[in-house]
Structure formats: C-alpha cells, structure tokens
Amino acid sequence: MSRHLHAVRDPDAPTAGREGAPADVSSAALDETARWPLTALLGVSLAGLFWWGLFQVLAAIKLHAPGFLAGCPWLTYGRVQPVAWNLLVYGFGIPVGLMVATWITSRLSRTALVGGALIFLGSAVWGGGVLLGVLAIFSGHSTGVEGLEMPGFTVPVLFVGYLLMASPLLMTFFTRRATEVYVSQWYILSAVVVFPWLYLAGALQAVVYPGRGVLPASIASWFVHGVLVCWFGGLALAVALYFLPKLTGRPLPSRNLAVFGFWMLVFFGPLGGMVRRLDGPFPAWMSSLGVASCSLVLVAGYALLVNLAILLRGLGATVRAGTVTAFMAFSAGSFLLWTLLVPLSGFEFLHARTGYTLFAAGLDWLVLWGAFGTAMLGALYYIVPRLLGEDWIRPGWVRLHFGLAVGAVTLLVLSSLLGGWVQGGAINDPSLEYVRVAKRYIPFAATGTLAFLVLWGGALLLVIQLKWMLLRRWLGHCLPKLRGWCAPVDSEVRA
Amino acid sequence: MNQGPLLFLGILASLVVSWSVLVLTPQFQLGDQGMVRLEDTGKDYPASRAGEAAQGEQIYRANGCQYCHSQFVRGPGAGNDLARGWGARRTVSRDYLRETPAMLGSIRFGPDLANIGARDDHTGKLLLKLYDPRAVVAGSPMPRYPYLFEERALGEGEVPAANALRFPEGYRLPEGVDEVVPTRAAEQLVAYLGSLRAEPLFFEVFPPQAPKSEPTAATNAPPSTVTTNVAPAAVTTNTPPSP
C-alpha cells in the first residue's frame with residue numbers, strides 16, 4: 001500500500017476496473033445517467049432552502065418585533081423557528097447532501113448511477129413527509145422534542161423516503177468499477193449509513209415511544225449532535241477532500257492521516273451529544289463524556305488541518321481565484337473552527353457564561369452553514385453544469401453568490417457567538433432585570449436577520465439561474481423538434 | 001484496496017457504542033426512577049398534573065414557548081441561576097418524571113420557567129402577560145399571544161365578563177375592543193405555568209450540605225432516616241429572598 005495514494009484521480013483517466021465490473025465509461029456518460037434523478041433531488045432541496053430562508057427571516061424578525069403578525073397562531077415565533085430548523089435540516093440538508101454524495105459516488109466508482117428511478121420516488125416521498133411535518137408544526141402538533149419536532153406519523157414516511165433516495169448511492173457503490181475506495185467516499189458512506197440509524201433510533205425512542213422525563217431530551221441531543229457531526233460535518237469534509245485535490249491537481253498528502261481522522265470523527269462524534277445539554281438535569285457522567293468525546297474529535301480536526309495545510313501550501317491565490325475551491329476552503333476552515341469551539345465552550349469556565357445563549361446557536365450555524373452550506377453550494381456550482389450539460393448563464397452571479405454566502409455566514413456566526421457572550425454575561429448578573437438582558441442581546445439577534453436575508457438572497461440567485469438553465473435546455477431540445485415538425489418533409493418534396 | 005466490509009462494520013460498531021452509552025444506559029439509569037414520598041409533607045413527588053394544567057402543557061408545547069424559555073436550573077458553579085432567583089436548588093432528572101416530554105429548552109431568550117409557579121402564580125398577571133407582555137413589563141420583547149384571547153366589543157348596557165383581563169391604568173386596547181376574555185387555552189396554559197415548581201425539599205440535591213445518606217433509603221425510609229431529607233427550616237420555598 002503506497003503512502004502517496006491520491007485521494008482523487010483524474011476522473012477521465014481510463015482505469016483497470018474490478019473483476020466483473022461494468023466497462024469503463026466517460027464522465028459525460030456517468031452524468032447523463034444521473035441527470036434527471038439528481039435534478040429531482042436538487043429540486044426538493046432547493047425548495048427546502050427557499051422556504052427555510054423565508055421562515056428563518058420571519059423568525060428572526062419576530063425575535064425583535066414582538067407585535068409583528070402576532071395575531072396568527074401559525075406564525076408565532078415558537079412555531080416558525082422549529083419550522084425553519086426542520087426545513088433547513090430535513091428539507092435542504094438531507095436531499096442536497098444525498099444529491100452531491102450520489103454524484104461523487106458515481107464519479108469515484110466510475111459507474112453509472114444504478115436505480116435512478118428510486119430517487120424520483122424517494123424524493124417525492126421525502127418531500128411529502130417534510131411538508132406534512134412542517135404543516136403539523138405550524139398547526140400546533142409539534143412533538144416538543146427539539147430537533148425532532150415533526151410528529152410520529154411522519155417518521156415512517158421519512159424513513160422510507162430516505163431509504164428510497166439513498167439506496168441508489170449504495171447500489172452504485174457496490175457495483176463500482178474502481179478498485180480504490182477514496183477517503184471522501186468513506187465520509188460519504190458513513191454519513192449515508194449513519195443517518196437512518198440515528199434517525200430511526202432517535203425518532204422511535206424520543207417521539208414514537210418516548211421514555212419518561214428528560215430521556216427524550218438527551219436522546220434528541222445524541223441524534224442532533226450525531227447528525228451535525230456525521231452528516232453535516234462529514235459530507236462537508238467529503239466534498240472538500242474530493243474537490244480540493246481534484247481542482248488543484250495535487251494528491252492528498254497523507255491518506256493514512258485522513259483515514260485516522262475519519263475514524264476519530266465517526267467514533268467520538270456521536271458520543272459527544274451531551275455537549276448540547278451541559279449542566280442540565282442529567283447524570284454528571286453524561287456531560288463529562290460529552291466534553292471528553294468532543295475533545296477527541298478535535299484530533300480529527302487536527303488531522304484535516306495538517307492534510308489541507310500541506311495540500312494547499314503556496315496555492316492561496318489559486319484557491320481564492322476558483323469559486324468552487326474558495327467555497328471548499330471556507331467550508332474546511334469553518335469545520336476546523338467548529339471542532340475547536342465545541343469542546344472549548346464545553347469547559348465550565350466558558351460554558352457557565354455561554355451555555356444556553358445565542359452562542360449555542362452560533363456553533364450550530366458554524367457547522368450547518370459555515371461548513372455544510374458553503375461546501376454544498378461550491379459543489380453545486382461545479383456539478384450542475386456538468387449534470388445538465390448547460391453552462392451557468394451568469395458566471396458573475398456565481399462569484400456574487402460566493403461573496404454573499406461567505407459574508408452572511410461570517411456575520412451570522414460572529415454576531416451569534418458574540419451575542420451569546422454578551423447575553424450570558426447579562427444573564428449571570430442577577431442585578432439586571434431580564435428585559436435589560438434582552439436589550440443587550442437583541443442587537444445581535446437583529447444582525448442575524450440581516451445575515452439570513454443575504455443568505456436567502458444568494459439562494460435565490462442559484463434558484464433563478466437553475467430555472468433559467470432548465471428552461472433553456474428544454475427549449476434547446478424542443479424548439480428544433482418543433483421546427484422539424486413544422487418543416488416540409490423532404491421525401492414528400494422529392495416524390 | 002477494498003475496505004468496504006471493514007468500513008461498514010466499523011461505522012456500525014461506532015453507532016452501536018454511542019447508542020448503548022447515550023441512549024440505552026440512561027434508559028436503565030433513569031427509566032426506573034419513580035415518585036418519592038417526601039417524609040415531612042407526606043406527599044409523593046413529583047405529583048402528577050391535574051387536568052387543566054396537563055392540558056396547558058399541550059398549549060405550551062404547541063406554541064413553542066420552549067424556544068425562548070428554558071425549564072431547568074443550573075447549580076452553583078455553573079452560571080448564576082440561583083442568584084437570579086430561578087430556584088432554590090438545581091433541578092435534577094427526577095424533577096421531570098411527569099413530563100412527556102420534558103421541554104428543557106436550549107436558548108434563554110427569556111427567563112427560566114422551571115419554578116415560575118413558585119415565583120409568580122398570580123393568574124391575572126400571567127394572563128395579562130400572555131395577552132400583551134408589554135402591559136406587564138415595559139419594552140418586553142416577548143411575543144404577544146392575542147389568539148389565546150377573545151377581543152370583544154361591549155354592546156349598550158352590557159356588563160363586562162367576570163374573567164375579563166384587568167389592564168393597568170392608561171393601557172390602550174385596540175380600536176373597537178372593550179374587553180379581553182381569556183380562552184380556555186389561555187387559562188389552561190396559566191394553570192400549567194402554576195404547576196411548574198421543583199420541590200425544594202427534595203433530597204437528591206438539596207440541601208447541598210446534607211450528609212450523604214443512601215439516596216434510595218428515602219423511598220421506604222425507616223423512621224430513623226427521616227431527618228436526612230428535610231431541608232433546613234430557613235429555606236422552605238423556591239422563592240428567592242425578595243429584593
């Protein structure tokens with residue numbers, strides 16, 4: 001086994017396939033097979049993203065404008081906020097992650113997508129499940145379990161929908177041509193396999209057959225943290241480890257280090273769930289385990305840092321110049337910061353102040369948008385033109401979206417972390433009445449509103465371009481046919 | 001290099017470990033906790049909720065009060081919750097046995113409500129707070145819940161309802177509204193808030209300086225251990241020393 005194993009090989013290079021694997025095909029042919037199934041997944045996720053933006057902005061406004069639309073029970077803060085969260089995680093995060101992961105799997109396996117029809121079916125079922133769940137929260141049927149608010153009847157729908165959406169990825173992997181399993185493929189497989197387990201165990205034990213008292217809350221923390229680490233963090237890493245070597249043309253410096261980091265993340269990640277509930281009404285060992293495990297995930301972050309630092313040494317200008325690479329670099333940086341801040345803020349000297357404030361929200365934004373969101377946007381800007389065989393209509397908009405997204409995420413994370421620090425200090429000062437505490441954190445929450453608006457605007461740029469490209473593609477296909485249909489028939493003329 | 005099987009086994013093993021540790025073990029540790037008889041009051045703790053309050057729990061859940069309000073008190077050394085008057089002791093898992101599910105909350109945009117029933121059980125004021133928080137606390141950023149109330153115009157010679165909200169001097173009702181009457185849901189919600197109080201006499205964490213007697217002894221304690229779980233007379237309520 002060589003140490004200089006490359007993470008990614010030139011996708012178009014002919015390969016010696018595994019025995020019994022299908023004949024090698026060109027990348028274009030791979031993308032052709034994947035085209036419409038993955039576009040369907042993308043459609044579901046962009047719908048999720050659009051509605052997330054709308055409701056997240058609304059929730060953020062409501063945080064500082066208590067009278068705004070107060071008369072409508074469906075739009076009260078306590079419903080809009082969980083709706084937005086569920087749309088981001090289940091509506092956008094899961095399908096977009098699967099779409100990108102499936103595309104990378106097909107490319108890395110050198111195998112055309114298997115079972116694309118299941119993806120159509122799965123995205124419809126999943127999308128329907130999320131829609132039902134969101135309507136249930138709006139109408140006051142939330143489960144009250146944070147992170148798993150969608151009621152029990154949506155659990156089987158979502159679970160089946162997920163299996164349908166995800167199985168083509170696994171089927172493609174198992175019929176792969178390539179002999180090598182790359183590191184980013186490892187992260188993809190772990191995310192895709194871990195999510196349904198976490199979801200089923202979490203939803204069954206916290207929602208469908210909930211334990212008594214505080215148990216659902218700790219189970220939900222285990223679930224949410226596991227998903228943040230393995231899905232949102234893991235897929236961000238998969239994407240960065242796939243695209244950065246590929247686009248810079250350099251192999252990943254150490255595969256072994258990357259594999260070591262992978263196992264640290266997969267093993268200790270989900271074990272750290274109780275960092276979300278430190279100092280809460282739980283046995284003390286659970287909190288200690290949370291902080292200890294998250295500290296060990298730091299090792300995974302360090303392994304990544306070393307690999308990327310060597311990989312990108314001297315390439316600063318190149319990385320910044322390419323929009324896709326710039327997205328990836330920002331994503332990897334956010335992930336590193338997250339692995340550092342989570343255990344750090346778990347220590348009592350910080351947690352006594354930052355616990356249960358905007359700071360906690362800031363940490364979630366750091367991984368949800370900082371690591372995952374930006375990685376997915378970067379990946380989409382690379383994948384979609386190849387998938388559709390259409391160029392971006394406004395390349396300038398791509399760069400603009402990068403600027404907007406990175407600016408908004410930075411603003412959001414900084415204002416939340418800082419706001420949490422201020423809020424925590426105020427809460428711990430008993431001489432301050434609570435309205436005065438609120439006066440201190442509200443400016444930071446209001447800054448969040450601006451950030452959400454910008455993120456949403458950026459998402460609109462992507463959606464509009466995509467619709468436009470689809471329309472152009474469709475016209476490009478149909479107009480010649482239509483013209484052909486109207487044109488005189490040669491043989492008739494000659495006859 | 002074909003590490004497929006190793007990969008899947010490893011991932012599965014990691015999951016099984018974290019599930020056994022974080023889901024299964026607490027289930028065993030906390031799942032068979034039961035109510036405790038408090039020796040000095042002779043009552044079981046935590047007492048289950050009466051009908052109205054139990055309904056109110058559903059209103060609290062449906063309207064997502066937990067996205068701004070937490071329901072747990074941290075102990076000394078972890079923040080300043082006790083000094084803020086949010087409770088006389090930190091809350092422990094046993095305090096939540098009757099909750100389905102416990103709505104602990106994770107961001108404290110508003111004050112903790114774990115002991116709101118001990119702190120402020122003035123029904124009229126709580127109702128007023130739900131109708132318009134700013135009628136109680138000037139400049140409050142808490143949302144209004146007008147949809148939990150009925151806004152009515154009074155006809156000629158009609159008398160106001162007995163349970164209509166009483167507003168502070170100078171409060172201006174919206175145009176065309178003469179009285180505001182709480183719906184059943186609002187009353188249930190306030191009953192629920194009133195039921196939120198962690199028993200200060202409960203031994204597991206309080207008094208902090210109590211001798212460490214066998215905690216399990218309390219459930220069927222012989223008379224000789226009775227005194228170990230009685231709080232010092234000085235602190236008998238959850239209310240902080242009023243400022």
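Proteins get letters first, then strands, A, B, ... in listed order; numbering begins at 1 in each.
With a 4.5 Å cut-off on side-chain heavy atoms, A:Asp429 and B:Asn80 do not count as touching. Annotation: side chain of B:Tyr96 is in contact with side chain of A:Pro281 (closest heavy-atom distance under 4.5 Å). In this structure, the side chains of B:Ser106 and A:Arg277 come closer than 4.5 Å at one or more pairs of heavy atoms. The shortest side-chain heavy-atom distance between A:Thr357 and B:Ile107 does not fall under the 4.5 Å cut-off. Side-chain contact between A:Val214 and B:Pro26: absent, with no pair of heavy atoms (C-beta onward) separated by less than 4.5 Å. A:Trp222 is listed as a side-chain neighbour of B:Ser18, based on a closest heavy-atom distance under 4.5 Å. Between A:Ile442 and B:Pro141 there is a side-chain heavy-atom pair separated by less than 4.5 Å. Side chains of B:Arg74 and A:Leu278 form no contact here, defined as non-hydrogen atoms less than 4.5 Å apart.
In terms of heavy atoms, A:Pro270 sits closest to B:Leu22 at O-CD1, 3.5 Å. Of all heavy-atom pairs between B:Arg134 and A:Pro66, the closest is NH2-CG, 3.1 Å. Scanning all heavy atoms of the two residues, the minimum distance from B:Val17 to A:Phe267 falls at CG1-CZ, 3.8 Å.
Interface remark: B:Leu12 contributes side-chain atoms only to the contact with chain A (heavy atom separation under 4.5 Å). Only the backbone of A:Thr143 comes within contact range of chain B, with at least one heavy atom under 4.5 Å from a heavy atom of that chain. With a 4.5 angstrom heavy-atom cutoff, A:Val435 touches chain B only via side-chain atoms. Only the backbone of A:His141 comes within contact range of chain B, judged by heavy atoms closer than 4.5 Å. Heavy atoms closer than 4.5 Å to chain B are found nowhere in A:Cys230, neither backbone nor side chain. Contacts of A:Phe262 with chain B are made by side-chain atoms alone, with heavy-atom separations under 4.5 Å and no backbone atom involved. Heavy atoms closer than 4.5 Å to chain B are found in both the backbone and the side chain of A:Leu358. Neither the backbone nor the side chain of A:Gln185 has a heavy atom closer than 4.5 Å to any heavy atom of chain B.
Interface remark: of the candidates B:Tyr145, B:Tyr67, B:Phe8, B:Tyr67 forms the most heavy-atom pairs closer than 4.5 Å to chain A. Of the listed residues (B:Arg98, B:Met103, B:Glu99, B:Gln29), the one with the most heavy-atom contacts under 4.5 Å to chain A is B:Gln29.
Using cut-offs of 30° and 60° on the angle between ring planes, the pair B:Phe109 and A:Tyr77 is perpendicular.
Formation of a donor-acceptor pair under 3.5 Å by the B:Arg84 side chain with backbone atoms of A:Ile427 is found in this model. Listed for the A:Glu348 side chain is no donor-acceptor partner under 3.5 Å among the backbone atoms of B:Ala78.
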